[in-house]
Amino acid sequence: MKIVDASVVVTSPGRNFVTLRITTDDGVTGLGDATLNGRELAVVSYLRDHVAPLLIGLDPHKIEDTWQSLYRGAYWRRGPVTMAAIAAVDVALWDIKAKVANLPLYQLLGGASRDRVRTYGHANGRDLPELFDSVRERMAQGYQSIRIQTGVPGLKRVYGVHGEPEVLQGLERADGHPRPLVEDWDTGAYLRHTPSVFEAVRNEFGPDLPLLHDSHHRLSPIQAARLGKDLEPYDLFWLEDCTPAENQEGLRLVRSKTTTPLAIGEVFNTIHDFRTLVNEQLIDYVRAAVTHFGGVSPLKKLFDFAAQQQIKTAIHGPEDISPVGMAAAIHMDLAVHNFGIQEYAGYTPATEEVFRHAFTFTDGHLHPGEAPGIGVELDDELAAAHPYAPAYLPVNRLADGTVHDW
Ligand code: GCO
Ligand code: MG
């Protein structure tokens with residue numbers, strides 16, 4: 001069996017998605033997600049110009065060898081562009097191998113370790129009434145664990161609260177190219193406000209509902225330690241990305257001050273980014289995405305490494321991971337023993353039409369389905385009807401204009 005084609009499809013059914021399709025001489029196809037939000041075309045070029053030509057003629061079954069040759073052979077290791085490109089190849093090859101075996105991918109990863117995959121959804125509101133409505137809406141959709149994000153008094157635009165499409169398109173300029181929207185930030189106001197939000201949510205929804213919160217890399221270690229402590233009475237499932245965690249050592253301080261569970265890693269690309277965090281058990285959940293971590297092969301290694309320190313999995317699953325990347329994640333979630341929870345934000349109806357998938361969402365739980373491979377098909381005609389649209393993530397500024405972490 002040989003690879004005869006590797007092509008990239010870019011489509012924007014509500015937001016941009018980049019998909020690699022690998023085809024074999026037997027006519028078997030495999031899909032991989034290569035979406036890097038706000039920098040999509042860099043990965044498209046990496047795949048089209050540098051990786052696809054190398055794949056032609058290779059044996060698609062040699063997943064590990066292909067992964068290692070792309071990683072080591074580039075010489076320039078790691079980084080989100082490289083690792084998203086390698087991830088797409090890795091997932092597409094797993095898709096092919098599982099289709100040839102006529103098995104859903106999770107069977108090749110060791111088989112099911114559970115019946116279904118627990119998820120959490122996003123609730124948000126500018127104020128408490130809006131937030132409570134959003135929580136109720138998620139519960140009505142079946143979610144049994146909920147991430148809570150709110151506006152902060154005095155701030156105009158805060159992460160996770162305002163409309164995604166508006167944020168993603170940015171501001172149209174006279175030259176036709178969007179610019180990033182500017183959000184505003186005040187750490188003191190956020191630290192004073194957030195515990196009162198969780199107090200109100202607990203009063204409204206009771207002690208049993210698992211609640212999560214994402215600080216989106218905005219705090220220093222001492223600020224994160226304070227927030228973790230202040231949130232302890234409200235029994236969070238986790239506090240996510242409390243600090244910009246490339247400063248892994250900074251988590252020692254946070255960890256020593258609070259028992260609020262910590263989740264980190266959605267912007268990490270390799271196991272090395274987690275080394276101190278896992279070895280010293282500074283976190284409770286590893287948050288890497290299949291799509292940004294080089295695929296299923298390296299993520300399985302991270303999960304096995306994390307398991308030695310009783311750390312659980314929590315694969316990144318926002319709207320900007322395509323259904324292809326999400327499907328791969330759900331197969332891993334079903335198979336690995338140290339599964340924790342899966343983020344699942346759902347997709348626009350147009351996205352569901354372009355990417356038809358075997359995975360299902362019922363009562364707040366996902367299942368990858370029994371279709372051979374990862375169980376996703378991409379409709380090229382429908383994809384072409386949604387052309388690429390330049391988009392940026394926002395930037396974040398303090399009141400005096402200083403750029404802050406977004
Ligand atoms: C999350 C993330 C996302 C990211 C997004 C950036 O926890 O889901 O923080 O909301 O901001 O993936 O592209
Ligand atoms: Mg996050």
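As the structure is a computational prediction, the values presented were derived from the model and not from experiment. As the structure lists them, so they are numbered: ligands from 1, and atoms in each ligand from 1.
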Could you identify the N, O or S atom of Glu240 positioned closest to the Mg ion (ligand 2)? OE2

Taking N or O atoms only and a 3.5 Å limit, does Glu266 qualify as a polar contact for ligand 1? yes

In terms of atom number and element, which parts of ligand 1 are under 4.0 angstrom from non-hydrogen atoms of Trp406? 11 (O)

Check this for me, if you would: do Glu377 and Arg356 make a salt bridge, where the nitrogen-to-carboxylate-oxygen distance has to be below 4.0 angstrom? no

Scan side-chain atoms only and decide if Thr66 and Ser69 contain a donor-acceptor pair under the 3.5 Å cut-off. no

Taking the N/O/S atoms of Asp214 one by one, which is nearest to the Mg ion (ligand 2)? OD2

Please check whether Tyr120 reaches ligand 1 - meaning an N/O of the residue sits under 3.5 Å from an N/O of the ligand, judged on distance alone. no

Establish, yes or no, whether a centroid distance under 6.0 Å links the rings of Tyr392 and His177. yes

Using a 4.0 Å cut-off to any heavy atom of Arg287, which atoms of ligand 1 qualify? 1 (C), 7 (O)

What about the rings of His213 and Phe198, do their centers lie closer together than 6.0 Å? yes

Got a second to check how far Met83's CE is from Asp273's CG, nearest 0.5 Å? 9.0 Å

Give the atom numbers and elements of ligand 1 that come within less than 4.0 Å of a heavy atom of Tyr159. 1 (C), 2 (C), 3 (C), 7 (O), 9 (O), 10 (O), 11 (O)

Check contact between Arg147 and ligand 1, using heavy atoms of the residue and a distance below 4.0 angstrom. yes

If you compare all heavy atoms of Val18 against all heavy atoms of Val8, which two are closest, and at what distance to 0.1 Å? CG1-CG1, 3.7 Å

Is a side-chain donor or acceptor of Thr35 paired with a backbone partner of Ser322 at a separation under 3.5 angstrom? no

Could you pull out the atom name of the N/O/S atom in Glu266 that is nearest the Mg ion (ligand 2)? OE1

At less than 4.0 angstrom from any non-hydrogen atom of His216, what atoms of ligand 1 do you find? 4 (C), 9 (O), 11 (O)

Please list, in number order, the atoms of ligand 1 under 4.0 Å from a heavy atom of Leu393. 6 (C), 13 (O)

Centroid separation Phe268 to Phe293 less than 6.0 Å: no

